[in-house]
Undergrad: 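Quick one: this structure, given as structure tokens, is what I'll be asking you about.
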Amino acid sequence: MRTMPRIASALALTIASLASTGLLADDARYNQIALRAEVNQEVAHDLMHVTLYTESQNSDPAKLAAEITNTLNQTLEQVRQVRGVAVKLGSRHSYPVYDDKGQKITAWRERAEVRLESADFARLSSLTGELLQKMKMGGMDFSIATDTRKTREDAMLKDAVNAFKARAQLATEALGGKGYKLVSLSLNTGGFQPPMAMRNFEAKGMAMMDSAPTPQIEAGTSQVTVSADGVIEVQMP
């Protein structure tokens, strides 16, 4: 019998503690809905990327390495004389060539890449045509510059928020609510990058490109997306 007052006292303290920390049923959140809204925009590619490579074979690995290095150095020197074109070395690797029985190394083969980038499509296209006299085409693709993408995404943030608010209002009306409170909201950016426009040319195709006029460039577009993900709490009448 003496333990009852202590239990009642402990229960009263627990209820008081819950009330002070906001954990009572009166403060619980109900009618919460998770929503997503997004806006999309097609943005023109403003960067052109070209990958060139040189490949050769020699029974003397030292002579082979010197030949590849010489071709790379000549290419880099030529590119550096053209303003507005960034250049960097890509992958470089060599491997042995075996005889018909696959037992004896008869030669070595080496391949090295040079990667070019520019916002001036005409200039890079012309330079590429010149470099194809001693290099081969590994691939060509296009992208949106980082600054361009960020500028477009920033401009789309307000549209994404407005789209979320419109969807939240529709959900509120569908539930017969009198209004809603925003519980949380996150804004996310992203986009779809299309496949390379040109890549992995065959030797026959390369011979044709070497003698052909510089082709016109159609860079295409990518879709930039800004999404708004959030949770609302519908207020019922």
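The figures here come from the full heavy-atom set of this structure, side chains too, leaving out hydrogens, waters and symmetry mates.
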Undergrad: Does the side chain of Met48 reach to within under 4.5 Å of the side chain of Met140, using non-hydrogen atoms?
TA: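 Heavy-atom side-chain distance check passes, below 4.5 Å.
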Undergrad: Would you compute the distance between atom CZ of Arg149 and atom CG of Leu47 and round it to the nearest 0.5 angstrom?
TA: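 Reported value, rounded in 0.5 Å steps: 11.0 Å.
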Undergrad: Is there a path from Leu76 to Leu132 through hydrophobic residues (I, L, V, M, F, W, Y) whose side chains come within less than 4.5 Å of each other?
TA: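 Linked, Leu76 and Leu132 end up in one cluster.
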Undergrad: To the nearest 0.5 Å, tell me how far Leu187 CG sits from Leu157 CG.
TA: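 Reported to 0.5 Å precision, the distance equals 5.5 Å.
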Undergrad: Under a 3.5 Å distance rule, please check whether Asp46 uses its side chain to pair with a backbone N or O of Ala145 as donor and acceptor.
TA: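 Yes, Asp46 side chain to Ala145 backbone: donor-acceptor pair under 3.5 Å.
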Undergrad: So, Gln78 versus Lys134: side-chain donor-acceptor pair below 3.5 Å or not?
TA: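 The answer is yes; a qualifying pair exists.
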Undergrad: Side chain to side chain contact (heavy atoms under 4.5 Å, CB included), that's the test. Do Val50 and Met137 meet it? Break it down for me.
TA: CA-CA 8 Å; Val50 172; Met137 176 76 81; 3.9 Å; yes
Undergrad: Taking all non-hydrogen atoms of both residues into account, name the closest pair between Ala171 and Ile33 and its distance.
TA: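 Scanning both residues completely, I find the closest heavy atoms to be CB-CD1, 4.2 Å.
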Undergrad: Is it the case that the side chain of Asp99 and the backbone of Gln103 share a donor-acceptor pair, with hydrogens and angles ignored and the cut-off at 3.5 Å?
TA: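 Present.
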Undergrad: Shared ILVMFWY cluster between Leu170 and Ile232, side chains joined below 4.5 angstrom?
TA: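 The answer is no; the residues belong to distinct hydrophobic clusters.
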Undergrad: Is there a donor-acceptor contact under 3.5 Å from the side chain of Ser126 to the main chain of Ala122?
TA: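 Checked: no pair found.
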Undergrad: Below 4.0 angstrom, N of the basic side chain to O of the carboxylate: do Glu113 and Arg111 qualify?
TA: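 The answer is yes: the pair qualifies as a salt bridge.
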Undergrad: Is the shortest side-chain N to carboxylate O distance from Lys136 to Glu55 below 4.0 Å?
TA: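 Salt bridge: no.
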Undergrad: Give a yes or no on whether the backbone of Arg123 and the side-chain of Asp120 come within a donor-acceptor separation of less than 3.5 Å.
TA: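 Looks like yes, one N/O pair under 3.5 Å.
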Undergrad: Kindly indicate whether the side chain of Ile144, heavy atoms from C-beta on, has any atom under 4.5 Å from the side chain of Val224.
TA: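 Yes; the side chains approach each other to less than 4.5 Å.
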Undergrad: Flag yes if more than 12 heavy atoms outside Asp147 fall under 6.0 Å of its CG atom; otherwise flag no.
TA: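 No, because the 6.0 Å sphere around CG of Asp147 holds 12 heavy atoms or fewer from other groups.
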Undergrad: To the nearest 0.5 Å, what is the distance between CD (Gln57) and CG (Leu64)?
TA: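 Going from the CD atom of Gln57 to the CG atom of Leu64 covers 8.5 Å.
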Undergrad: Just checking, is any N or O donor in the side chain of Glu38 or Ser227 under 3.5 Å from an acceptor N or O on the other one?
TA: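 Distance-only check fails for Glu38 and Ser227.
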Undergrad: With side chain to side chain contact (heavy atoms under 4.5 Å, CB included) as the test, would you mind laying out the steps for Val114 and Val87 before giving the verdict?
TA: CA-CA 7 Å; Val114 173; Val87 59; 3.5 Å; yes
Undergrad: Backbone N or O of Phe142 within a donor-acceptor pair of the His49 side chain at under 3.5 Å?
TA: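 No; zero donor-acceptor contacts below 3.5 Å.
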Undergrad: Mark yes or no for whether Arg167, through its side chain, and Arg36, through its backbone, hold a donor-acceptor pair below 3.5 Å.
TA: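 Confirmed, Arg167 side chain pairs with Arg36 backbone.
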Undergrad: Side chains of Ser118 and Arg83: is there a donor and an acceptor less than 3.5 Å apart?
TA: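 There is no such pair between these side chains.
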Undergrad: In Å, rounded to the nearest 0.5 Å, how long is the span from CZ of Phe164 to CG of Leu182?
TA: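 Taking CZ in Phe164 and CG in Leu182, the distance rounds to 5.5 Å.
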Undergrad: Give a yes-or-no answer on whether the side chains of Ser222 and His45 include a donor-acceptor pair shorter than 3.5 Å.
TA: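 Distance-only check passes for Ser222 and His45.
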Undergrad: Hey, does Thr225 have a side-chain heavy atom less than 4.5 Å from the side chain of Glu153?
TA: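 Answer no - side chains too far apart.
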Undergrad: Nearest 0.5 Å, what's the NZ-CD distance between Lys88 and Glu117?
TA: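 Output value for this atom pair is 7.5 Å.
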Undergrad: For the backbone of Tyr180 and the side chain of Thr172, can you confirm whether one donor and one acceptor N or O come within less than 3.5 Å of each other?
TA: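 No, Thr172 side chain to Tyr180 backbone: no donor-acceptor pair under 3.5 Å.
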Undergrad: Step by step, would you call Lys158 with Asn162 a side chain to side chain contact (heavy atoms under 4.5 Å, CB included)?
TA: CA-CA 6 Å; Lys158 185 176 180 180; Asn162 288 335; 3.9 Å; yes
Undergrad: Report the C-alpha separation of Val82 and Leu124 in whole Å, then their side-chain angles, then the decisive distance to 0.1 Å, and conclude whether the side chain to side chain contact (heavy atoms under 4.5 Å, CB included) test is met.
TA: CA-CA 9 Å; Val82 180; Leu124 180 53; over 6 Å; no
Undergrad: I'd like to know if the side chain of Thr54 reaches the main chain of Thr71, judged simply by a donor and an acceptor atom lying under 3.5 Å from each other, with no hydrogens or angles considered.
TA: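 Side chain of Thr54 to backbone of Thr71: no pair is present.
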Undergrad: Using the rule side chain to side chain contact (heavy atoms under 4.5 Å, CB included), only one of Leu52, Leu127, Thr128 pairs with Val79; which is it?
TA: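 Option passing the side chain to side chain contact (heavy atoms under 4.5 Å, CB included) with Val79: Leu127.
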Undergrad: Under 4.5 Å between side-chain heavy atoms, counting indirect links through other Ile/Leu/Val/Met/Phe/Trp/Tyr residues: same cluster for Ile68 and Val97 or not?
TA: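 Hydrophobic grouping puts Ile68 apart from Val97.
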Undergrad: If you take all heavy atoms of Trp108 and Ser59, which pair is closest and at what distance?
TA: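 Between these two residues, the closest heavy atoms are CD1-O, 4.2 Å.
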Undergrad: Return yes if some donor-acceptor pair links the side-chain N/O of Gln235 with the main-chain N/O of Glu233 below 3.5 Å, else return no.
TA: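 Yes, the answer is positive, given that a donor and an acceptor are paired below the 3.5 Å cut-off.
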Undergrad: Is it the case that the side chains of Ser186 and Asp229 hold a donor-acceptor pair, with the cut-off being a distance below 3.5 Å and no angle test?
TA: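 Looking only at side-chain atoms, Ser186 and Asp229 do not form any donor-acceptor pair under 3.5 Å.
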Undergrad: What is the distance from atom OG1 of Thr189 to atom CG of Asp154, rounded to the nearest 0.5 Å?
TA: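 Here the rounded value is 9.0 Å.
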